[in-house]
Amino acid sequence: MTFTSLTDADRAAMLAAIGVESIEQLFDDIPAAVRLDRPLDIGPALSESELYDHMTALAARNVDVGRELSFLGAGMYDHYVPAVVDAVLQRGEFLTAYTPYQPEMSQGVLQAIFEYQTAVCELTGMDVSNASGYDGTTVAADACYVAKLATGRTRIVVAETLNPQVRQVVRTFAPGFGMEVVEVGHHDGLTDPEELRSAADGAAIAIFQQPNFLGLLEDAPALAEAASAGGALATAHVDPMSLGILEAPGRYGCALAIGEGQPAGNYLSYGGPHYGFLAARQDYARQLPGRIVGETSDFQGRRGYVLTLQTREQHIRREKATSNITSNQTLLALAGLVYLSWLGPSGLREVGERSHALAEHAKRRLGLPLAFEHPTFREFVVRTGRPAREVIDECKRRGVHPGYPIGRDYEGLDDALMMAFTERRTPEEIERLAEALSAVGVEVAA
Amino acid sequence: MTFTSLTDADRAAMLAAIGVESIEQLFDDIPAAVRLDRPLDIGPALSESELYDHMTALAARNVDVGRELSFLGAGMYDHYVPAVVDAVLQRGEFLTAYTPYQPEMSQGVLQAIFEYQTAVCELTGMDVSNASGYDGTTVAADACYVAKLATGRTRIVVAETLNPQVRQVVRTFAPGFGMEVVEVGHHDGLTDPEELRSAADGAAIAIFQQPNFLGLLEDAPALAEAASAGGALATAHVDPMSLGILEAPGRYGCALAIGEGQPAGNYLSYGGPHYGFLAARQDYARQLPGRIVGETSDFQGRRGYVLTLQTREQHIRREKATSNITSNQTLLALAGLVYLSWLGPSGLREVGERSHALAEHAKRRLGLPLAFEHPTFREFVVRTGRPAREVIDECKRRGVHPGYPIGRDYEGLDDALMMAFTERRTPEEIERLAEALSAVGVEVAA
Amino acid sequence: MKLIYEKSQASRRASSIPDPGVENGTEIPAALRRSEPPHLPELAEPELLRHFTELSTRNFGIDTGFYPLGSCTMKYNPRVNERLVGLPGFRDLHPYQDDADAQGALELMWRLQEILAEIVGLDAVTLQPAAGSQGELTGLTLISAYFKDRGEYEQRREIVIPDTAHGTNPASVTMAGYTVRKVNVDSRGNIDVDDLREKVGPQTAGLMLTNPSTLGLFEERIEEVASIFHDAGALLYYDGANLNAVCGISRPGDMGFDVLHFNLHKTFSQPHGGGGPGAGSVAVRDILEPYLPAPVVVRDGDMYRLDHDRPKSIGRVRGFGGPFGVFVRAYAFIRMWGPGLREMSETAVLNANYMLAKLRDHYDLPYDRHCMHEFVVSARSLKREHGATALDVAKRLMDYGFHPPTVYFPLVVPEALMIEPTETEAMETLDAFCEAMVEIVKEAEREPDLLKQAPHSRPVSRLDEAGAAKRMVLRHHFDED
Amino acid sequence: MKLIYEKSQASRRASSIPDPGVENGTEIPAALRRSEPPHLPELAEPELLRHFTELSTRNFGIDTGFYPLGSCTMKYNPRVNERLVGLPGFRDLHPYQDDADAQGALELMWRLQEILAEIVGLDAVTLQPAAGSQGELTGLTLISAYFKDRGEYEQRREIVIPDTAHGTNPASVTMAGYTVRKVNVDSRGNIDVDDLREKVGPQTAGLMLTNPSTLGLFEERIEEVASIFHDAGALLYYDGANLNAVCGISRPGDMGFDVLHFNLHKTFSQPHGGGGPGAGSVAVRDILEPYLPAPVVVRDGDMYRLDHDRPKSIGRVRGFGGPFGVFVRAYAFIRMWGPGLREMSETAVLNANYMLAKLRDHYDLPYDRHCMHEFVVSARSLKREHGATALDVAKRLMDYGFHPPTVYFPLVVPEALMIEPTETEAMETLDAFCEAMVEIVKEAEREPDLLKQAPHSRPVSRLDEAGAAKRMVLRHHFDED
Ligand SMILES: Cc1ncc(COP(=O)(O)O)c(C=O)c1O
Ligand SMILES: Cc1ncc(COP(=O)(O)O)c(C=O)c1O
């Protein structure tokens with residue numbers, strides 16, 4: 001199956017117009033030694049229906065959240081994505097357009113991004129947002145670069161309760177940025193503001209997560225204050241779905257707010273593509289990486305939207321650029337915008353409240369010892385009294401994935417499971433979870 | 001989940017503008033005795049995600065053709081519907097528009113129907129096609145009414161090899177039309193032209209099917225000649241997917257060509273919605289039921305399309321109307337147009353050839369006695385030597401639906417299965433069919 | 001814009017078909033083989049999709065804007081329904097699948113039957129009919145079967161229909177083999193009961209009535225009307241096209257109707273797809289149940305099955321169990337509303353009355369009553385005074401970005417504009433539409449040519465419909481090649 | 001057009017959220033609770049969908065028409081890919097699902113890794129990077145790891161880049177902690193090898209090169225260039241943005257490159273979605289394999305798994321295994337073409353050369369050679385003679401229904417217009433575009449204001465980009481309420 005229009009007659013006419021005998025001749029500039037003299041060994045061409053059968057067979061070998069009752073979270077959540085999101089994303093005019101370099105051709109996507117930026121600012125309480133980062137990990141690295149530019153400093157401080165993947169990405173790129181990473185350990189699952197204060201003194205940036213990776217609510221205002229006291233950019237990594245009920249980072253003094261957009265409008269999709277968001281106080285607008293859309297007007301004074309602050313960007317400033325993003329995640333951010341518009345403020349609050357209520361219900365129902373006795377949002381860590389890996393394997397045989405084996409990332413939690421609850425879960429499903437756990441020897445409440 | 005915009009404030013303002021106190025008052029004209037004084041007992045309102053879960057649970061209790069290897073056909077075929085069909089149908093401008101009464105608002109759908117009419121005419125070799133009928137059964141009843149109008153006669157002749165459902169629908173409506181139905185039996189699966197000739201003499205219409213319901217190729221030119229000899233409208237019920245390799249009814253003297261559109265671009269969808277097509281020689285254009293689109297021009301002389309020949313229709317002629325179709329199957333016919341455009345003439349031919357080749361391969365591979373020793377297109381009837389119902393039940397336990405129990409419709413075929421093959425089937429699948437049959441004691445070739 | 005055929009080029013194509021790799025000699029006799037390939041479009045997929053994408057931009061749907069096409073209930077089509085109908089368990093289910101392996105589909109149909117019966121207050125439902133007009137034909141055929149069974153068929157040859165009826169009603173009557181007996185409408189838009197009494201008698205098989213009527217008015221003396229027919233031994237048929245006005249509020253069964261069709265595609269929101277698909281499910285009182293088309297879905301304990309064994313059945317009216325995809329959407333729609341369907345109808349009626357209030361001083365109002373979910377105004381004065389017709393108003397509305405209302409129907413109102421907002425429109429939209437309607441009246445005074453020449457903003461200007469019927473160009477003709 | 005926020009109205013909403021029916025007191029400390037709700041849009045779903053539908057009509061995509069945006073490979077996006085990516089087994093798969101229950105996803109990724117390695121002639125692939133520019137940063141970080149391992153990192157601080165390079169190359173170099181060393185381009189558009197020899201030495205870590213270059217020209221002396229670097233102990237990085245020219249024809253690994261990124265979203269057709277998503281998978285020669293980001297997908301017998309145990313890995317560059325949905329589409333695309341990918345590239349190159357032949361007499365041609373899959377012409381004479389710039393030409397093309405090409409890039413060509421037709425365009429489309437380009441030259445002579453004031457046919461006329469940067473209105477501001 002190919003997607004070309006040229007017929008033999010077309011080809012002949014075109015070669016004649018070019019003035020060559022064969023297509024081969026067009027490749028004369030390629031030295032013989034570097035030409036491939038055999039067909040690519042990548043399997044035969046498939047027709048659409050063969051491809052469909054092949055791919056459905058592959059898909060059938062995955063156990064998606066519709067095929068087992070899953071309490072996995074750990075950064076990616078099974079909130080319901082309404083069909084209207086797909087309807088918008090499948091509009092060819094959005095789907096098959098690229099970066100809106102030519103604003104007159106692209107008012108649709110430009111206005112949508114402007115609306116998205118507004119939504120992110122509203123969620124986070126910030127002044128400015130970019131048009132999207134790659135995901136919730138890379139926006140943290142982006143934030144570090146912003147901080148370096150803004151402060152001239154090089155130390156990055158991260159809380160140990162920040163998502164491990166986020167910390168890993170920061171560590172990968174910090175050396176290239178000329179920065180170093182310091183980690184602040186947790187105490188009983190939480191970050192101590194005073195430890196953060198001293199670590200962040202003289203640092204470029206301090207990043208913490210709310211709710212943190214363990215599902216716990218940090219004393220975010222205290223952390224923000226402690227982080228910024230010594231001049232570092234206080235940066236909260238936040239879950240968009242919490243922001244209907246949890247305070248906006250901009251309201252407790254953060255300079256930057258970042259996060260993973262997946263829970264807000266993107267499918268799980270085995271980890272991507274999703275969008276990361278990055279918002280800042282006005283002071284840092286000119287240091288932000290990524291596309292940014294601004295309002296302007298046309299010859300007739302009509303309102304319109306364009307990519308702006310381009311002097312930050314690679315295509316203008318090249319090696320001096322402060323933004324090195326070209327392709328970004330606009331389509332996923334558009335999904336986020338449609339989803340948040342579908343929710344509205346009350347819907348967002350309800351999703352938060354109901355996920356929270358179900359999680360609290362599950363805590364009560366299971367009655368298992370909590371690994372950390374602190375308030376949580378929609379995810380918590382329990383001790384099962386058995387190696388988590390075994391509990392998972394055995395529950396899965398009963399059609400239940402009971403949660404994330406958090407011992408993978410933190411010491412001393414090998415018997416612990418982190419369980420996530422979204423508005424899609426039901427009390428009946430929590431009952432099934434309790435039954436499965438009980439059946440595999442975990443001592444849940446009767 | 002509802003889809004209304006009115007807020008309490010809106011409602012109040014609107015009631016004030018109307019000059020009533022409450023919505024109740026707007027219903028004052030309804031006599032008290034016929035008002036419902038309790039809530040409808042239809043289950044609680046569901047949110048979108050609850051609905052989705054409920055519906056996926058229902059869907060999961062159906063064994064679709066992706067979940068078992070199915071050789072069912074008998075009028076509905078598992079040809080592959082390419083994704084581009086969905087992409088077009090999901091365009092809101094097509095999906096959510098209605099009948100193009102206002103042509104200036106509806107050039108998109110009008111031109112599409114004109115293109116569809118052209119495709120149907122090309123397939124069938126006819127001069128004029130309507131914009132779609134409901135399905136492959138109702139177009140047969142429509143054809144009878146056309147014939148009555150055109151001939152002033154009342155006898156309907158149908159071949160016994162015409163799809164039983166089609167015959168049933170004709171029987172249901174014939175009395176209301178003031179018509180009566182005569183059936184011409186089959187001989188060894190085929191219709192005898194001479195029997196048809198005498199039955200059709202003085203009749204309004206004679207309908208036969210090519211390939212017939214038993215999968216066999218009738219001597220269609222002979223049947224058409226025999227049918228029309230006595231002045232009846234020779235009408236072929238044809239399978240669109242056969243028309244890349246089988247002769248067009250218009251070329252062998254039919255007055256009308258009808259058929260079920262499903263195989264050409266519609267999903268199986270448990271039987272509907274699909275489209276029926278109805279095409280005719282020019283002589284019968286003014287008797288055709290259904291919407292018909294014609295070319296015209298606007299004030300500036302630009303080409304455009306409109307619904308035409310409306311003096312046939314119910315909204316103009318009321319009880320004298322010859323067309324009583326308002327809502328039709330345009331969206332499904334559009335799917336047909338997109339599919340046929342995707343195929344092109346060579347694709348249509350290839351689907352036909354390859355389905356045929358697979359069926360022939362299966363005949364050879366299975367080596368089972370054929371119920372009828374005549375050429376077939378992509379479906380044939382074999383004798384299994386056991387009650388078909390049992391063979392089906394036992395094969396299904398092995399994940400194979402071996403075919404349609406044709407004994408349901410025709411005497412003496414209780415041990416027979418009718419098996420259909422489309423381009424989606426493979427030699428490996430035919431092997432699986434052979435294995436399943438063999439495992440349940442049917443004596444397939446080794 | 002070019003036709004797809006005009007964009008074709010020999011030996012282009014979009015499709016690729018699997019090669020089974022088996023012997024491919026044909027067993028088809030030469031005499032039956034196609035002599036010349038059909039002229040189907042030949043384009044690669046990119047051009048194919050562009051063609052239809054461009055075509056779509058020349059079309060207006062509910063997604064584009066307000067579509068107050070009276071009698072058609074052009075409400076929002078929830079996108080979740082498209083998702084559901086695309087689930088492989090529904091989409092790819094063969095209609096001859098064994099009942100045991102189609103339990104989800106059968107349960108859905110059974111539940112829908114039950115729900116529909118409850119909504120209209122009748123006893124049994126067939127989902128088979130393909131659209132409203134086929135529902136009518138089915139309903140009338142049921143009535144025939146009933147009277148045949150009672151030996152009254154030959155006697156009862158008339159169906160009474162008011163002037164306001166939709167065209168399919170009289171057309172269905174004829175096709176079902178009956179004669180139409182017309183009854184007048186009185187000054188309040190109701191059936192003229194005195195006239196009615198004269199027309200009903202032993203020759204009467206039944207009444208066909210839309211209630212609320214196509215004027216958007218509830219039949220105030222419906223109980224009396226019903227008894228006139230029942231007293232005469234005749235039956236009442238309810239045209240359900242206007243059910244959106246009364247869900248959860250008043251039930252046709254309780255009004256005295258014996259048989260009706262739903263337009264599932266209207267009341268319960270189907271994407272109309274430029275003309276269809278629809279579904280014309282029919283509900284009946286118990287006396288008519290034996291005659292329902294076979295098969296019907298029945299429940300035996302925990303299992304659902306297609307019941308083909310219905311000796312008195314009129315037979316099939318369509319293939320299989322009916323347009324299943326439409327059922328999926330209708331069922332989904334109803335489940336989202338639940339008993340709130342009442343609020344749905346209330347909102348539809350409120351919206352219509354609000355518009356009526358805003359327009360009543362600017363257009364002629366044939367019947368001065370609260371309307372139900374739709375209403376009819378007339379451009380009679382406008383025509384008389386400024387020569388601007390209902391059609392001109394309709395065309396001019398396009399320039400304001402609105403789909404026009406239904407025009408010239410019902411026939412009893414000259415220069416009719418039949419406006420149905422549905423429940424899914426926002427007040428601002430209704431305001432904007434009414435403002436445009438009022439503005440157009442002013443334009444008619446000021447500059448009538450603005451209307452006569454309208455539309456000015458569409459891909460084509462006004463099209464010559466009469467010319468089309470004369471020319472009869474009904475398909476593309478290919479140059480002989 | 002109004003912003004969605006300007007259409008909002010308090011207490012409207014589209015969503016409805018299940019009520020779990022459990023105790024719903026909150027356990028969240030008051031001090032952490034939200035003090036004021038965010039201003040998110042408040043609309044019912046019908047208005048929501050209309051808003052985005054209308055917005056979409058103000059946008060131009062490949063589905064709308066020709067989009068010859070040089071360097072971006074705007075080819076047709078097969079719709080089957082959208083179907084596949086929506087299969088629940090892919091769409092709803094949690095990334096922390098156990099490997100044993102994600103075998104289909106892992107197999108797909110593993111197969112894609114293998115295929116990509118074969119296409120470029122290198123040994124190993126990581127799918128993790130999110131886009132081309134992140135692929136670059138990843139590749140440079142791999143180079144750093146390699147030199148750190150060999151103790152040469154402190155010494156090798158320079159990356160050589162030609163003038164023609166895309167902006168992300170130098171930007172990535174800086175972010176990876178290197179210094180850019182520029183090398184000139186000679187009169188045929190190749191790297192100036194004499195200049196190069198002077199710039200490469202013990203301080204050199206590597207070269208970053210796009211081949212064919214952003215001029216659309218194949219680097220004729222690539223073997224020599226490669227040995228200059230390898231002889232100096234440095235590595236070669238290949239920017240894969242232009243891979244669409246050479247699939248199945250010439251492989252970067254065979255040219256001497258050691259590491260490269262793919263732009264899966266270009267070569268292997270992803271819907272670009274108004275800016276993204278993309279994928280910048282990176283392929284490396286065996287010497288760099290130990291440093292690849294973890295995890296990578298490996299195959300053990302019949303099983304596939306994520307290998308996290310990579311002691312020399314540079315670490316993660318993105319979450320999870322990368323943008324999986326992009327892999328589904330890229331894999332699907334490649335499987336449809338199979339070894340025919342060669343024909344894909346040939347067609348892309350043929351299309352470009354055909355356009356070049358049609359335009360060469362009308363615009364300035366900086367380098368007179370056959371081009372590869374794209375080419376660059378200049379509006380320099382047009383500007384000098386008629387004051388019409390490349391930008392004016394671009395804007396005027398909109399009025400002809402085309403998306404403009406890339407303009408003002410590469411920087412080495414003044415008034416550059418960079419045109420990339422891809423393989424999916426029909427000859428008629430190329431003809432129509434070229435005719436428009438030629439016509440625009442005539443318009444520039446005749447009526448230059450037509451260009452200067454263009455576009456004339458879009459929802460807005462030319463927008464003030466400088467003004468936007470000054471005003472800095474980057475979000476909607478709500479009236480205090
Ligand atoms: C009042 C009325 N009755 C009957 C019908 C016929 O319904 P359908 O279009 O579904 O055949 C319609 C709609 O067209 C209608 O408005
Ligand atoms: C030549 C070249 N290199 C690198 C890139 C960067 O790729 P991406 O947009 O995927 O980050 C691009 C595209 O923008 C490009 O054209």
Side-chain angles (χ1 to χ4, degrees), chain A residues 1 5 10 14 18 29 34 39 42 45 55 58-59 61-64 72 88 91-93 95-99 104-105 107-109 118 122 134 137 168 172 176 267 270-273 294-296 298-299 304 308 314-315 318-319 321 324 327-331 341-342 344-345 347 350 357 361, chain D residues 13-15 17 22 24 37-38 41-42 52 55-56 58-63 84 87 89 91-95 101 103-104 115 130-131 167 170-171 176-177 180 218 255 271-278 315-316 319-320 323-324 336 338-339 354 357 426-427 458 460-461 463 468 473 475-476:
Chain A
M1 177 105 177
S5 277
D10 291 339
M14 291 167 80
I18 299 167
D29 289 347
V34 304
I42 56 176
M55 297 294 268
L58 285 175
R61 294 179 56 216
N62 300 322
V63 179
D64 60 72
L72 277 174
V88 172
R91 295 280 305 171
E93 297 90 335
L95 189 72
T96 70
Y98 205 13
T99 310
E104 300 84 3
M105 299 300 270
Q107 281 303 292
V109 80
T118 305
E122 281 294 319
Y134 301 133
T137 67
Q168 286 164 14
T172 302
Y267 295 101
Y270 204 48
E295 187 185 302
T296 190
D298 75 356
F299 282 157
T308 194
Q314 45 72 30
H315 60 290
R318 302 181 67 83
E319 63 269 29
N324 190 26
S327 297
N328 59 12
Q329 304 293 118
T330 298
L331 192 68
S341 304
W342 182 79
E350 282 172 20
H361 173 79
Chain D
R13 64 186 286 180
S15 59
I17 310 299
V22 297
N24 61 11
E42 296 182 88
F52 288 105
L55 271 186
S56 78
R58 296 159 71 88
N59 224 57
F60 186 99
I62 304 170
D63 287 1
L84 299 175
L87 293 171
R91 187 189 69 181
D92 298 333
L93 183 61
H94 196 287
D101 282 341
Q103 284 296 299
I115 287 173
V180 171
F218 196 90
M255 298 174 203
H272 284 68
R316 275 195 171 280
F320 304 102
F324 179 73
M336 285 189 280
Y354 178 66
M427 186 172 144
R458 299 294 306 164
V460 289
S461 68
L463 288 163
V473 178
R475 53 162 296 183
H476 179 62

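All heavy atoms count here, side chains included; hydrogens, waters and symmetry mates do not.
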Where on [X] is there a heavy atom nearer than 4.5 Å to chain A: the side chain, the backbone, both, or neither?
| X | value |
| --- | --- |
| D:Ala426 | both |
| D:Leu87 | side chain |
| D:Glu42 | side chain |
| D:Ile115 | both |
| D:Val180 | side chain |

With a 4.5 Å cut-off on heavy-atom pairs, point out which of [options] contacts chain D the most.
| options | value |
| --- | --- |
| A:Val63, A:Asp10, A:Thr137 | A:Val63 |
| A:His361, A:Glu295, A:Glu104 | A:Glu104 |
| A:Ala45, A:Gly347, A:Ala357 | A:Ala45 |
| A:Ser327, A:Ser5, A:Pro273 | A:Pro273 |
| A:Arg61, A:Met14, A:Met105 | A:Met105 |

Could you tell me the separation between the [atom1] atom of [X] and the [atom2] atom of [Y], rounded to the nearest 0.5 Å?
| X | Y | atom1 | atom2 | answer |
| --- | --- | --- | --- | --- |
| D:Leu463 | A:Thr308 | CG | OG1 | 11.5 Å |
| A:Asp64 | D:His94 | CG | NE2 | 12.0 Å |
| D:His272 | D:Ile62 | NE2 | CD1 | 7.0 Å |
| A:Glu319 | A:Asn324 | CD | CG | 11.5 Å |

Between chain A and each of [options], count heavy-atom pairs under 4.5 Å; write down the option with the most.
| options | result |
| --- | --- |
| D:Pro41, D:Pro95, D:Gly61 | D:Pro95 |
| D:Pro37, D:Ala176, D:Ser56, D:Gly319 | D:Ser56 |
| D:Met427, D:Gln103, D:Arg91 | D:Arg91 |
| D:Pro38, D:Ala357, D:Gly177 | D:Pro38 |
| D:Arg475, D:Arg13, D:Arg58 | D:Arg475 |
| D:Ser15, D:Pro271, D:Pro323 | D:Ser15 |

Looking only at non-hydrogen atoms, find the nearest pair between [X] and [Y] and report the distance.
| X | Y | value |
| --- | --- | --- |
| A:Tyr134 | D:Ala130 | CG-CB, 3.3 Å |
| D:Asp92 | A:Tyr267 | OD1-CD2, 3.7 Å |
| D:Met255 | A:Val34 | CA-CG1, 3.8 Å |

Taking [X] for the side chain and [Y] for the main chain, is one N or O donor matched with an acceptor at less than 3.5 Å?
| X | Y | result |
| --- | --- | --- |
| A:Arg91 | A:Glu93 | no |
| A:Gln107 | A:Gly304 | no |
| A:Thr172 | D:Arg316 | yes |
| D:Ser461 | A:Asp298 | no |
| A:Thr96 | D:Asp63 | yes |

Chain D heavy atoms under 4.5 Å from [X]: which part of the residue, side chain, backbone, both or neither?
| X | value |
| --- | --- |
| A:Arg318 | both |
| A:Thr296 | both |
| A:Thr330 | both |

